Chemist: 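Have a look at this one.
Since the structure is predicted, the reported quantities are computational estimates derived from the model, not experimental observations. All chains are named by letter (A, B, ...) in the order of the sequence lines, taking the proteins before the strands, and each is independently numbered beginning at 1.
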Number of protein chains: 2
Amino acid sequence: MNTEEKILEAARTVFTQKGYAAARMQEIADVAEINKGLLHYYFRSKERLFQAVFEEAFGRVVKHVNHIFESNLPLLEKIEGFVEKYMDTLLEHPEVPAFVVNELNQKGEAFVKELMQKRQKPNPMPLIMQIQMEVDAGKIRPVNPFQLVLSLLSMCAFPFIARPLFKSFAQIDDRMYMQLMESRKKEIVDLVINGIKL
Amino acid sequence: MNTEEKILEAARTVFTQKGYAAARMQEIADVAEINKGLLHYYFRSKERLFQAVFEEAFGRVVKHVNHIFESNLPLLEKIEGFVEKYMDTLLEHPEVPAFVVNELNQKGEAFVKELMQKRQKPNPMPLIMQIQMEVDAGKIRPVNPFQLVLSLLSMCAFPFIARPLFKSFAQIDDRMYMQLMESRKKEIVDLVINGIKL
DNA sequence: GTCTATAGGTAGATAGAC
DNA sequence: GTCTATCTACCTATAGAC
């Protein structure tokens, strides 16, 4: 593991935990077990180091989600597959959604616009159109496809974003929380499938 | 409007927009149109000023949610009432959920624990038990009540937390976004009611 | 209560030896 | 490439005049 990778690894940890504003270059250097000066040697500034970390995290999630959206399955199986795989991604990186959403909220319009231009966007259109076709064909209850996709994303991602809140009010530890998220997959799929069928 | 109220009003704006770490006492003073020294005269420190703002926001949301949870309505009406009123609260204060969740994520366990002790907790138990009774009585499909409540909260709150993301990728402005959230009420209720009926 | 001035500390960034 | 030392800027907080 070379120096640049050690820095990126440490920066991921610190930035996702503390957020950009509260993160300290010194702490990143400590976690990486390297000298603070090296951070600037490799990445010039805190801002650039942050962007490297953020775009990596954002890109990974978007790529994963798009892959599922664009797959070629029947609607019900696609929904099932989406929930299964998206929840697995979140279980592997439980702190990423909060990180991404926090920074997007705080960095302002300009930052988001720029990100959307140079990076691949999330593209739920294939799924949205597929839902609309099923509605038109009378196969499922008439729902607003955009809202349905938003609901799917919400039910998967929100519990991870609000994890500290739920953890402390429901008095459960991390392992228990992860188990709840595991069993949540089926719960979400059942609710949605039953919710849209005629 | 006296000085203390002006400060609190300004602090609300700045803290919710920037978050604790990125907020500057100077900016709060500027927004309040008062001298920076007065901030310390009234609230001693940035931390104390922040706590005043945060606990106010948190308490308001919790109080509102608890009130609905504890109401004495039949299940389906309670769900409908919850979505309606909770979404109205969020439409009035669209930036609050992201603020609360961000800070809870970053301030760490100790902060959350302390908050939960001295403040009233969110208490969804009445609703959870009501759902369990309907399941036991064979009135609705067997669902995990905790997961169902979590899904309701998710579908309402997540779109507000992820607002900048959706706004810029769906290319819509604030007014349009609020309209989507308004029509979302019915969409959520329909999905859930259909999703749990036998 | 309100202001100005400033102390005291810390963060990001750079210079320069090795 | 890696380290130490330091510069410069900024931020919170306080002291003290009015």
Chemist: Over how many whole Å does the gap from A:Ile7 atom CD1 to C:dG12 atom P extend?
Modeler: 14 Å
Chemist: How close or far is atom P of C:dT10 from atom CD of A:Gln26, stated in whole angstroms?
Modeler: 12 Å
Chemist: Tell me yes or no: between the side chains of B:Lys18 and A:Gln106, is some donor less than 3.5 Å from an acceptor?
Modeler: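 The criterion, which ignores hydrogens and geometry beyond distance, is not satisfied for A:Gln106 and B:Lys18.
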Chemist: Mind checking if A:Ala23 touches a base, just sugar-phosphate, or nothing, with heavy atoms under 4.0 Å?
Modeler: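 Sugar-phosphate only.
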Chemist: Whole angstrom is fine here: how far is it from CD in B:Glu27 over to P in D:dC10?
Modeler: 15 Å
Chemist: If we check side chain to side chain contact (heavy atoms under 4.5 Å, CB included) with A:Phe58, which of these qualifies: A:Leu115, A:Val53, A:Val96?
Modeler: A:Leu115
Chemist: If you take any heavy atom closer than 4.0 Å to DNA chain D, which residues from residues 30-55 of chain A end up in contact?
Modeler: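 Correct list: A:Asn35, A:Leu38, A:Tyr41, A:Tyr42.
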Chemist: Between D:dA13 atom C1' and B:Arg24 atom CZ, what is the distance in whole Å?
Modeler: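 To the nearest whole Å, that distance equals 14 Å.
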Chemist: Classify the side-chain pair B:Asp30/B:Gln26 by whether it contains a donor and acceptor separated by less than 3.5 Å.
Modeler: yes
Chemist: Please work out which of the three classes, parallel, tilted or perpendicular, describes the rings of A:Phe15 and A:Tyr20, given edges at 30° and 60°.
Modeler: parallel
Chemist: Return the orientation label for the A:Phe146 and B:Phe166 ring planes: parallel under 30°, perpendicular over 60°, tilted otherwise.
Modeler: perpendicular
Chemist: Verify whether one side chain among A:Thr89 and A:Arg60 offers a donor that lies under 3.5 Å from an acceptor in the other.
Modeler: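 No.
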